[in-house]
Each structure stands twice: as structure tokens, then as C-alpha cells.
Amino acid sequence: MFPMLLYDDFRKKIADCTSGGRIELHRSDIEIDTRGFADFVVKTFRHKDQAAIGELVERIRGLEFVERCDHSGDYVNVSIRAESLFSLLDSAISSTGIFPDVFQDPERVVVEHTSANPTGPIHVGRIRNSIIGDSMARIYSRYGYRVSTQYFVNDSGKQVMAMYAGFQRYCAGLPLSVENLLHGYQEIYRHMDALGGEDAVISPLLKRYETPDEALLAEIKNACSVVLKDIRDTMSRLGISIEDYVWESGFLQSEELVEVFESLKPKLKEDGDARYVQMPWGKKEYLVRSDGTRLYLARDLAYHLFKAHHFDVIVDVLGEDHKDYARTIGHVLSDLMEVDRRFEFLIYSFISLEGAKLSTRQGNIITVNDLIERGREEASRIVSGKENSYDSKTRESIAEAVAVSSIRFNVIRVNPQKAIVFRWDEALSTEGDSAPFVMYSFARSTSILDKGTASNLRKRQFDVEEKSLLWNMYLYPESLERSLASKRPDLIAAYVLSLTKAFNDFYSSCQVNVQDDEVRGTRRRIVEMYRTIVKDAADLIGIKMLERM
RNA sequence: GGGUCCGUGGCCUAGUUUGGAUAAGGCACCGUCCUUCUAAGUCGGUGAUCGGGGGUUCAAAUCCCCCCGGGCCCGCCA
């Protein structure tokens, strides 16, 4: 089943004009104009037959939604009638409440994101995973997929063992808190060499763990839960909630693990008592150590098999350090194990600190909670400085929404492939291309609707700013499509900005609440449609729209 | 060393997948607009050899090759 958006696609209809004619053009020859010549441009470089192009122009002119169509240079410029855009959007939103409507797709998608080792609070380096993952899940969902989200909790590796051992050694008797666990974790790595290295400190625990020693399992899971609670609270503040937390320890002896080894049996190679699979690009990937214990890869494959049992599309959001790893699991699952499911990976580059590297272990982090707090203070100051005075409760809720939205926006707006260098002023920026810019326009639209009175819709000439706003609204499906196909949530951010700019132009040029019934009626309707669409799109990237700010 | 991704005005970010008409936003800087619906806004201005070099093409920020700079990976860690 192929996911689809339901709306009247003018672009497709223009493409249809070329079929059966003397020149054939593909949908990709028809572009959205970005230079101000028209709305759509049809590229005709490869067609020198002027008569045939003239014929095409005539056919396009015949379309009821086309206002103007001219052949100029090597392009055919097509302008769409504002009335057509208006009635398309109006009827879609009137009948279904959204634009574009979707065909409910029965395919089940699971997006795994965040999955950070529970060894400390979530920091700005890690949050990109959560922000991208959550937005991507929302985009799949908006597209009509049945979506679930998961966090794979690592409670079985060296890092959490070290945290547990560190807490025992350096915080004995103290309460099991995030601060104490983090302290123990950092201390034990500081003294690792003096204590005899990982072999002496961690390996015995790992061995007991995999036996399995149920009491140890429970204690470590308990410690992880404490840190995880803190991570969950932070994410929840950002409007991110993950449906299922799947514990790695659950796969130590699972059916799926047995299934992995069963399925890989013919492909598994021996190296002493260790076992590995050979990658076609030359690497050996180990699943079993010489001492018989299993590596993370084995448990993660079991986890992916578990996901494959319940979902059709399995999406992992991973940092660029896991790029080769993703290639490995993709190959093992699809080619070696021949699991008939779509495994997809969204790889993003890191957020770094200027000069320094982020590290939980070394204590060199900016926590997301700190970031939100700073943002809240900043926003609170701006709200207080405004003329219309809000009570302190309203002011604080505005500040929180602005802080959270700004942080999410400034992360999501960058192509996941590109690295981000963290800077305080950029992370919390409230001017220009930012979340508050979008939110503020929305708040102004609330005022417009509050102040005037409704009236009947009547057909009339639209101004250029009205047309431009309508056109931008019409383009929403294009952004949704591209964003989903290329797993680029940043494209939604770009769309939200351009829609907001179009609304601001409209706002400054077109008074809405005027005497004239026809003008007032259509303009108020345009504002309502804008609110529906901008809210829809903003929600995909976690911007919290406020009625007032 | 091998692999991989990135390099667009002083700074940040789109545009590269599918080559085409004036390279688009934002920040900063200079100037404009609050007795029309919220100035977190609007309008205008300064500022780009699209990292460098070669190639393909009627046409290259976009495709190919080489080089330079930076991130990440190259564990019987997770």
C-alpha cells in the first residue's frame, strides 16, 4: 500500500495536458516557481517544436483553474487563479477540517528514537535524536500511517554496569538519585585505571548479569529507571512522549534471540569459541565472545526482529557515529536473515559545543533542563516588557511554550545531515527565523478573528498578498511529501516559515475587519484556513501555538 | 591510512536528489513605519569569485575527477 495525500493536485492536471500531445512532459518537468515569474513553470528546453509548445499552452489555458499561461524563453509560465485556490482550500477544510486529507494507510510504522544510555540527564547533544524522532513520527502519522514510538533502554552494557558499580563504590548509603548515579559513573571512569581497568571492574558484573543473576538484573534496572524517569520528564517538557520503553535485558534469553541464531546458523562463522558474520564489505561483525557471552549486536538484532513481528516499517533514528552500524544491521536483517520488512535509518550529525566535545562521562554537558530554564527566563522578560500585561500564571505558561518551541525549532530547522554547533543565543533566538516568529503571527490571527464579525462569503477579486498566502497554503502537501520521502523534518520548518511570511505580508497589506461584507468575509475565511494549516504543520515539529502572547 | 558526510555574503540556514530565466531567508550593521486588527512585527539599504582547480554540457551551487579544510566511523564496547 502506498501512502497518499488527498487533494486536488493542479500540478498533475497540468502534466496531464501534455499527454497525447506532440510533446511529452513528466511531472518533474513542472516545477513550482521560486523566482516570481508564475506559480508553476514548465521547462521546455528539450522541445524545439514551437507549434507543439503553442498547442500545449492552449491546452493549459483551457484548464478552469488557470489564470494565465504564457510561453517565455524556454519556459511555459502558469499562474493559478486565486479563486480556485480559495475554493479548493475552503471546501477541503469545511468538509474534513484539514488540508490535505489523507488516505488512512494500514501500514504500521515504528520509530525508535532517543534510546540514550540511562547514565545521566539528557543533554543538548542527545536531544537532536529525540526532536528529529518525535517530529518524524508525527509526520508519518499525519500521512496516515499507524505509528508507534519506542525507546530501547540499554540496561545491559558496560556503561550502565559502570554506573551501578560507581554508585556502589562512591555513593554507598546515599539515596538512589540521578545526581548520585551520575557522580558514581563519572568517578569510576576517573579512577578506572587505578581500579584495574574495565576487566577488573566491569567484566565480572557482565558475566553475572548474563548468567543471569536475577537480583543484579533487578538492581541495575532499578538504577536505570531512576535516570530514565529524569530523561522522560525532560522529554515530556518538550512535548515528546514515547509509547514503549523496551528493555535490552528482556532480550538476553528471548525467543527472538534464539530466532536470530537459528536464522543465522548457516552464515555464522567461527573464530575460536567466538562467532561472527561476514559483511560483504570486508568487516567481521561478532555476535558471541570467546567466553560465550553475547554482544550488543545480537540483542539488538533480536530487538529488531521483535519489531519486525509487529510492524511493517521499522525506522531507527541514529547519530552519525552509528552510520556503519546501521548498515550492518540493515544487511544482516534484510540480506542474511531475509526478514521481509522495510528497515530504514535516519542518520543525523551531532550537536557540538564550540571547542569542547560533549560527554556525559566527563561531565562536559549542557542539560536540556538548563537550556529550557534559560529560555524561559529570556521569554519571561520579553513578555513582561510588553504593553498588554498578563497575569503571572499566563506569563509563565507563555514563557515555557516559547522556550520549548524555540529549542525544538532551532534543532529541527537544520538538515539532519548537517552538524550543529551549539550557541546559546542561537538556541534560544526569538527573532527572525524562529518559533516565536511563527507563534506571534498565529497570536495576531487570533486577535483578528476576535475583533470583527463574520459575514457571508462572496466571490471577489483577490489582492496579491491574499493570493500569495493562498498559494503558500496550497503548497503544504508538497512539503509533506518531500519531508516524508526524504526523512527531512527540517523541510516542514522551512514550510512553516514561508507560510508565516506570507501571512505577515497579508497582515500588513490587507485589513481584515473592514466595512465591506465581501472583503471581510473572504479575508476572515482566509485567516481561518491559515490558522488550520499553520497549526497543523507547526504541530508536526512541536511548535506550541498560543492564542495570545 | 581506508571509508563516509559536510564546506553557500562577517555569522547561521535553504537551494544540490530531478543541471536551466535576477543564488533565497535570518542574524549583525545602517535607515523606515505604532490614533488600521499584538512592533517577538513591517519596509528599504550595505554585503556572495556558491572551499580551490580541472572536466562534461548550449547551460553547473547542482553531475564527474583531483586537491584543501572540518565532523564521524574503522572494538570479541554499546
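Below, read A as the first sequence line, B as the second, and so on, with proteins coming before strands; counting in each chain starts at 1.
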Taking any heavy-atom pair under 4.0 Å as a contact, classify [X]: base, sugar-phosphate, or nothing.
{"X": "A/D273", "value": "nothing"}
{"X": "A/L491", "value": "sugar-phosphate"}
{"X": "A/A443", "value": "base"}
{"X": "A/S290", "value": "base"}

Report task. Run through A/F345, A/W281, A/Y325 and flag the one making a ring-ring contact (aromatic ring centres under 6.0 Å, His included) with A/H331. Result -> A/W281
Tell me whether the OP1 or OP2 atom of [N] has a side-chain N or O from [X] closer than 4.0 Å.
{"X": "A/R444", "N": "B/A39", "answer": "yes"}
{"X": "A/K418", "N": "B/A14", "answer": "yes"}
{"X": "A/K386", "N": "B/A40", "answer": "yes"}
{"X": "A/R327", "N": "B/C72", "answer": "no"}
{"X": "A/Q417", "N": "B/C6", "answer": "yes"}
{"X": "A/R299", "N": "B/A78", "answer": "yes"}

Separation of [N] [atom2] from [X] [atom1] (nearest whole Å):
{"X": "A/K284", "N": "B/C73", "atom1": "NZ", "atom2": "P", "result": "23 Å"}
{"X": "A/N117", "N": "B/A78", "atom1": "CG", "atom2": "P", "result": "10 Å"}
{"X": "A/R423", "N": "B/C12", "atom1": "CZ", "atom2": "C1'", "result": "8 Å"}
{"X": "A/E431", "N": "B/G41", "atom1": "CD", "atom2": "C1'", "result": "10 Å"}
{"X": "A/D29", "N": "B/G19", "atom1": "CG", "atom2": "C1'", "result": "12 Å"}
{"X": "A/F409", "N": "B/C27", "atom1": "CZ", "atom2": "C1'", "result": "14 Å"}
{"X": "A/D324", "N": "B/G75", "atom1": "CG", "atom2": "P", "result": "10 Å"}
{"X": "A/R289", "N": "B/C76", "atom1": "CZ", "atom2": "C1'", "result": "7 Å"}

Partner nucleotide of [N] by Watson-Crick or wobble geometry (both distances under 3.5 Å):
{"N": "B/A39", "answer": "none"}
{"N": "B/A59", "answer": "none"}
{"N": "B/C11", "answer": "B/G26"}
{"N": "B/U4", "answer": "B/G71"}

Nucleotide of [options] approaching [X] most closely (side-chain heavy atoms):
{"X": "A/V402", "options": "B/C76, B/C37, B/A40", "answer": "B/A40"}
{"X": "A/R413", "options": "B/A78, B/G25, B/C37", "answer": "B/G25"}
{"X": "A/I382", "options": "B/A40, B/C37, B/C72", "answer": "B/A40"}
{"X": "A/K43", "options": "B/U17, B/U13, B/G20", "answer": "B/G20"}
{"X": "A/D505", "options": "B/C43, B/G41, B/C11", "answer": "B/C43"}
{"X": "A/E248", "options": "B/G25, B/C37, B/A78", "answer": "B/A78"}
{"X": "A/E320", "options": "B/C72, B/C12, B/A21", "answer": "B/C72"}
{"X": "A/D433", "options": "B/C37, B/A78, B/G25", "answer": "B/G25"}
{"X": "A/N154", "options": "B/A78, B/U17, B/C12", "answer": "B/A78"}
{"X": "A/R35", "options": "B/U42, B/C37, B/U22", "answer": "B/U22"}

Query - Aromatic ring proximity A/Y75/A/F45, centre distance under 6.0 Å - result: yes
Query raised in the report: For A/A399, does its backbone N or O pair with a side-chain atom of A/S380 as donor and acceptor, under 3.5 Å?
Result: no
Query raised in the report: Which way is the base of B/C34 turned, syn or anti, if we draw the line at 90° from 0?
Result: syn
[N] base stacked by [X] (centroids within less than 5.5 Å, tilt under 30°):
{"X": "A/Y507", "N": "B/G41", "result": "no"}
{"X": "A/F45", "N": "B/A59", "result": "no"}
{"X": "A/Y75", "N": "B/A21", "result": "yes"}

Report task. Kindly indicate whether a cation-pi arrangement holds for A/R444 with A/Y507, taking the cut-offs as under 6.0 Å to the six-membered ring centre and within 45° of the axis. Result -> yes
Requested in this report: Test the A/R531-A/F442 pair against the cation-pi criterion, namely NZ or CZ under 6.0 angstrom from the six-membered ring centroid and within 45° of the ring axis.
Outcome: yes
Report task. Please state whether the base of B/A39 and the side chain of A/N504 form at least one donor-acceptor pair under 3.5 Å? Result -> no
Query raised in the report: Under a 4.0 Å N-O cut-off, is there an ion pair linking A/R289 with A/D271?
Result: no
Report task. Answer yes or no: is there an ion pair linking A/R381 with A/E378, defined by an N-O contact shorter than 4.0 Å? Result -> yes
Expressed in whole Å, how much space separates the [atom1] atoms belonging to [N] and [M]?
{"N": "B/U16", "M": "B/U56", "atom1": "P", "answer": "25 Å"}
{"N": "B/G26", "M": "B/U35", "atom1": "C1'", "answer": "33 Å"}
{"N": "B/C76", "M": "B/G53", "atom1": "C1'", "answer": "46 Å"}
{"N": "B/A28", "M": "B/G69", "atom1": "P", "answer": "34 Å"}

Requested in this report: Scan side-chain atoms only and decide if A/S115 and A/E112 contain a donor-acceptor pair under the 3.5 Å cut-off.
Outcome: yes
